[in-house]
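When a residue number appears, it is its place in the shown sequence, counting from 1.
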Amino acid sequence: MNCPRCATTLVARTVGDVEIDECASCHGMWLESEALRRLKDEADPDMVWMDFELWKHPERFEISPRAISCPKCDVPLAAIEYGDTGVTVDFCTQCRGVWLDEDELGRIIHRLSEELLDKDVSEYLRATLEEAKELVTGADSRLSEWRDLTTVLRLLQYRILSEHARFASLLAEFQAKSQF
C-alpha cells in the first residue's frame, strides 16, 4: 500500500498488539477498521472504557470529501471532524479504515486524557451505571465489560478522594489505625 499523502510505500509495524501501516516520509498511519479504538486502548488502559468509535455518535461529527484516496481500496477518503477533539481523521467509507496524519493520534489521546481528568463525581457515577448495564447487555465479552466497569469504579474512587480531601484524610486515618 502507498501513502495517500505522498505516495511513499507504507511500512507495517506493530504498536502493542495493533498492526499499523506507517509512512516513513510524512509519518502518517493507516489503521484498519477497529484499530484506532485498539490503539487508543494501548496508549492508556484507563481510557479503555471511553468510547472513541467513529460510527457510534453520528451527531458528533461532520463529514466532508477529501482529495486523497484509500491506500487499500483506492476510493476517495472522507473526512470526519470528530466531536470536540479538534482532530479531523480521514476514513474510507468502503473498508472503514482510518488515515491519521503525523500528530493526530497524539492529539486524540491528549483530548481523551483531558476528558478523563475533567469528569466530576456525578459523571463517573453515570459512567459506572452505564458500564454496569453493559456488563449484562454489552456486545463485548463479559471479561472486557468487567474490566471497563472496574476501571471506571477505580477512577470514580480517585475522583471522590480528590474532590473531598477531608474524606480522603479520614479514610487514611482509619486505614492507619486499622493496621495495628
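Remark: Leu125 pairs with Val121, Leu156 by the side-chain contact (heavy atoms from CB on, under 4.5 Å) rule, at least two apart or across chains. In terms of the side chain to side chain donor-acceptor pair (under 3.5 Å) criterion, residue partners of Asp120 (sequence neighbours excluded) are, by chain and number, Ser122. Not counting sequence neighbours, the partners of Asp101 by the salt bridge (Lys or Arg N to Asp or Glu O under 4.0 Å) test are Arg5. With sequence neighbours excluded, the residues that form a salt bridge (Lys or Arg N to Asp or Glu O under 4.0 Å) with Asp103 are Arg107. For His27, the side chain to side chain donor-acceptor pair (under 3.5 Å) test picks out no residue, with sequence neighbours left out. Residues that satisfy the side-chain contact (heavy atoms from CB on, under 4.5 Å) test with Ala67, not counting sequence neighbours, are absent from this structure. By the salt bridge (Lys or Arg N to Asp or Glu O under 4.0 Å) test, Glu114 pairs with Arg111, sequence neighbours left out. Every side-chain contact (heavy atoms from CB on, under 4.5 Å) that Ser25 has, sequence neighbours left out, goes to Cys6, Thr8, Cys23. Among residues two or more places apart in sequence or in another chain, the salt bridge (Lys or Arg N to Asp or Glu O under 4.0 Å) test is passed with Arg13 by Glu22.
Nearest heavy-atom pair across Asp17 and Arg38 is O-NH2, 3.0 Å. Between Glu42 and Gly16, the shortest heavy-atom contact is OE1-CA, 3.3 Å.
When hydrophobic residues (I, L, V, M, F, W, Y) are linked wherever their side-chain heavy atoms come within less than 4.5 Å, the members clustered with Trp30 are Met1, Leu10, Ile68, Leu77, Trp99. Grouped with Val75 in a hydrophobic cluster is no other residue, since no side-chain heavy-atom contact under 4.5 Å to another Ile, Leu, Val, Met, Phe, Trp or Tyr is found. Hydrophobic cluster membership for Val11: none, as no Ile, Leu, Val, Met, Phe, Trp or Tyr side chain comes under 4.5 Å of it.
Going from atom SG of Cys95 over to atom CG of Asp74 covers 11.0 Å, rounded to the nearest 0.5 Å. Atoms CE and CD, from Met29 and Glu102 in turn, are 9.0 Å apart once rounded to the nearest 0.5 Å. For the atom pair Leu105 CG and Leu39 CG, the distance stands at 5.0 Å (nearest 0.5 Å).
With a 4.5 Å cut-off on side-chain heavy atoms, Lys72 and Glu32 count as touching.
For the side-chain contact (heavy atoms from CB on, under 4.5 Å) test with Leu100, the passing option among Thr88, Leu31, Asp90 is Leu31; the others fail.
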